[in-house]
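Report on the structure given below.
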Amino acid sequence: MCRRYQPGAPGVSGAARFWPGARVGVALPMPFPGPLDYLVPEGMALACGDFVSVELGRRQVVGVVWGPGAGDVAAERLKPVAARLDTPPLRAGLRRFIDRAAEYTMTPLGMMLRLATRVPDLGQPPRMRVLLRPTGARPDRMTPARARVLDAAAEHGGAGLAPVELARLAGVSAGVVKGLEAAGCLAPHAVPADPPFPPLFGQPPGGHLSQAQAEAAGLLREAVAAGGFSATLLRGVTGSGKTEVYLEAAAECIARGRQALVLLPEVALTPGFLARVEARFGARPAEWHHGVTGTERRRVWNAAASGEARLVVGARSALFLPFEDLGLIVIDEEHEASFKQEDVVLYHARDMAVLRASVEGGAVVLASATPSLESWANAEAGKYRRIELPDRFGRAVLPAIETVDLRSEAPGRDRWITARLAEATQGRIAAGEQALFFLNRRGYAPLTLCRACGHRFGCPHCDAWMVAHRFRAELMCHQCGHTAPLPSACPGCGRDDRLAACGPGVERLAEEAAELFPGARIEVLSSDLIAGPEAVKARLAAIAAGEADIVIGTQMVAKGHNFPLLTLVGVIDADMGLLGGDLRAAERTFQMLHQVAGRAGRAERPGRALIQTASPDHPVMRAIVSGDAEAFWRGQAELRNLSGMPPYGRLAGVIVSGEDEARVAETARALGRAAPLIERAGAELYGPAPAPIARVRGRVRMRLLIKAPKGLPLQEAIRGWLAAVKVPAAVRVVVDIDPQSFL
DNA sequence: AGCACGCCGACT
DNA sequence: GTCGGCGTGCTC
C-alpha cells in the first residue's frame, strides 16, 4: 500500500549525501503526493536539493533530490538517476517552504514544486555568450581592416565585445574578426548571456518623508535589522504614503545583504508603481508575474537564486522564487481577494508569505488601509506588531461621507441616480470638477427577460444569467465568458418588442447620466471596454488631465489612481456586496466603500462621497460614515468569535465536481455519510449542497463545508476522512483550506 | 502533468 | 478490414 509522504523525514534538512547504491527520494514537478524513489548509480554522489534528470515512464524529467527514499517500492523496480544537473541546488529553505505549504494547503508536493520550477531551460547550464578581448599579440600580416578591429577591441578592452559588435565598430566583415581570433590576437571568453540587474541605491535621493512616515519606517527598519522572523501590520489610509515607508524597510534589508520581495495584487502591477520604486532606488527592480516570459523569466529566476536580484516586485507566484537569502516580504493591499489563488493550486499568498518568512527567518510587512479581519485579529492578539500611519501625506483631508437612503429617496423606475447625487454632481460640474459613479457591474444589464412569455436568458454552460452588453451588441456570461449575439426577438415566444433589461450595469448608468447631464463629458471605465493596460493608462491619464466630467466605473477605478479634479464619489448600490450571506460580505463591502470613497478629494480640494443604500443602519454603512473602522472590526470580530468562524475558528471547503451529475452527487453523499470520521476528530461537517453556482463550464459542482475549532489538526482529520471514500476517476474532489469565496 | 493502453465509430 | 476519438490509469 502506498504510504503517505511525511514531510520533514530524517535527512531532509541536513547536508545528507547519497552514495551509489542508495535510494533517494526525487520530487518531480507533477501531481505526485510525495517524492519517488530512485537509485543512485555508480560514480554519482547526490545531496538534498540537487537537480537531477530521471526517467519517468519513458520520458526524461527534471526533479529535485528531496531526501532518502521512502522504501515503499521494491528495489528491482527502481530506476537509476540518469544525471545530476549542473545547476545550483534548490536551497533547504525553499524546500522546507514547499513541504510545509503543500502540507498546509493539502496540495500534492509535486504541484507545489512546480510553482517553484516554472522557468524555461530549468536544469540547463546557464546560457553564455562569447566575447572577444585583445591578447596583445600582433598578427603576422597587419592590414588596415585588422588594425581597425584591434583598435576597437583595445578601446573597449576590459569586458570584451561580441564578435558582431566588434565587426560593426570597426566597419569590417565578420571574417576579419574570425581571422584575428584564429591568429591568437583576440581571445574568446564566456560571460552569462543574461544582462545583470543594476545595483540599487541604499540611501533615498531626497529625505522627504513626513514625521509619521519616518517614525514608521524606523520601526520597520528595526524589525528588518533584528534578523529573524517578525510580522508587522502596517495600516495607513489611502495616500498616507505606505509605499514610501515599506520601501525604506526594503532598503534596510538590501543594505544588510539580504533580498526583499514586494507582492502586489495582480491588478496593481502598474508601470506607475515600478516608476516609484525606480525613483527611490535609482534602478528598476526585477519583476515577476505571468506577463514575464521566456528569457526574462529565466533571467529573474536565476538572479533571485544567485542573489543578484536584490529587490523583486511581483504577483503572488513570486513567493516561489528560489531566493538566495530572503529577508523581507511586503504584501501591499494585503486584504485584496486576488491574493487567494483559486485555480490549480489553492493557496493564500498572505498566509504563504508569513510561512515563507518564518522558514527563511525574515520579516513580513502586511500593508493596507483596511486590513483583513485575519490580520487585524493577529495584531490585536499581539502576534503581529501594528504600525499606524494616521495622516494623509500632504494637505488633503478625507472626504465627507454620507448615506443616501434608497427607501425614502428612491430614484424612479429603472433609474439609479438619486436626486441628491444628481444635484451634487451638477454642482461639481459647474465648478469645473469631476464626479465618479461607482457600480461594480460590467455591461448594460445583468438580466434580460421577455415581458410577454417570461423567458430569461441564461448561460447554456453555467447557472448564471447572460449579461447584456449593448456596446458590443452581445449577451455574455460573466462566469465562463460564453457570448451570444444580443437577440432582437424572444427565442421563447418570437415577439420582438417585449425584451426588457433588468437592473443596472455601467453602460446603462452612462445612458441615464447622459440624459440627466446633457453636455457633460461622460467616460465609462470597465475592463471589457478597454483593450490592454496601455489603453487603460492612456484613459486614466486623460481623465486626470480633466478630459471628463463624469467617470462611471467598475472595480477598476477603485484602486490607486489619483484624479486631482475628482471631488465627488457616488456609490450607486452599496448593498450589492452584502447580498448572498457570504462570511466576508460585510468586511469586503467596507474595504471597497472605503477605497472608492477615498478617490474623492485627494489634492487640495475637499471631497464628498454619497453612498446610496437601502440599509443605512447596517454596521458597514455606519462605520463608513463615522470613519470608526476600529469599532467596525471589533464588531465583526465579536460576531465571528461568537459563531466560531475564522479567524477564531477554521473552515475548509470541499468541492466535488464532474460532468456526470449522478456520480458527483453520489460521491458527495458518500462523503456526507462518512461524516462521523470527521466529527470524531472534533470538527463539524455541513452538506453536501449544490455549490452557489452549481454549474460552471458544463461541470456540476457540490460542496461540503468543514468547521473546526482553532487548535484542531484540520488537515489530518480531512485526510483521514477523504481516505475512507472511494472517488471515481471522473469526479474531482478539491479541498480549499481557509476558503475566501464560497463559489 | 504527460503518455500509453484500450475499446467503439467513419473511412481507404 | 484499419485509423482515431479521448476515458482510465500509471509513472519510482
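Letters A, B, ... mirror the listed sequences (proteins, then strands); counts begin at 1.
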Legend entry - salt bridge (charged side-chain N to carboxylate O under 4.0 Å, His left out) partners of A:Arg673, counting only residues at least two apart: A:Glu666
Inset, instruction - Could you pull out all residues at least two apart from A:Glu659 that satisfy salt bridge (charged side-chain N to carboxylate O under 4.0 Å, His left out)? - result: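 Not a single residue meets the salt bridge (charged side-chain N to carboxylate O under 4.0 Å, His left out) criterion with A:Glu659.
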Legend entry - Separation of C:dC12 C1' from A:Trp66 CH2 (nearest whole Å):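 Whole-Å distance recorded here is 17 Å.
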Inset, instruction - Write down the distance between CG (A:Asp343) and P (B:dA1), rounded to a whole number of angstrom. - result: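 The distance from CG of A:Asp343 to P of B:dA1 comes to 12 Å, rounded to the nearest Å.
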Inset, instruction - For A:Arg114 and for A:Arg58, locate the closest nucleotide of DNA chain B by heavy-atom distance; then report the residue assigned to the nucleotide nearer the 5' terminus. - result: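 Going by which nucleotide is closer to the 5' end, it is A:Arg114.
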Inset, instruction - With sequence neighbours excluded, tell me which residues meet ring pair (Phe, Tyr, Trp, His ring centres under 6.0 Å) with A:His482. - result: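 Result, ring pair (Phe, Tyr, Trp, His ring centres under 6.0 Å) vs A:His482: A:His461.
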Legend entry - Partners meeting side-chain contact (heavy atoms from CB on, under 4.5 Å) with A:Ala668 (sequence neighbours left out):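 With neighbours one apart ignored, the set is A:Val656, A:Pro688, A:Met702.
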Dump every N/O contact between nucleotides 5-11 of chain C and the protein below 3.5 Å, one line per pair.
from, atom 1, to, atom 2, distance (Å)
C:dT11, OP1, A:Arg77, NH2, 3.4
C:dT11, O3', A:Gly57, N, 3.1

Inset, instruction - Using the side chain to side chain donor-acceptor pair (under 3.5 Å) rule, collect all pairs that involve residues 30-43 of chain A, keeping only residues at least two apart or in two chains. - result: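 Counting only pairs at least two positions apart or across chains, the side chain to side chain donor-acceptor pair (under 3.5 Å) contacts touching residues 30-43 of chain A are A:Arg23-A:Asp37.
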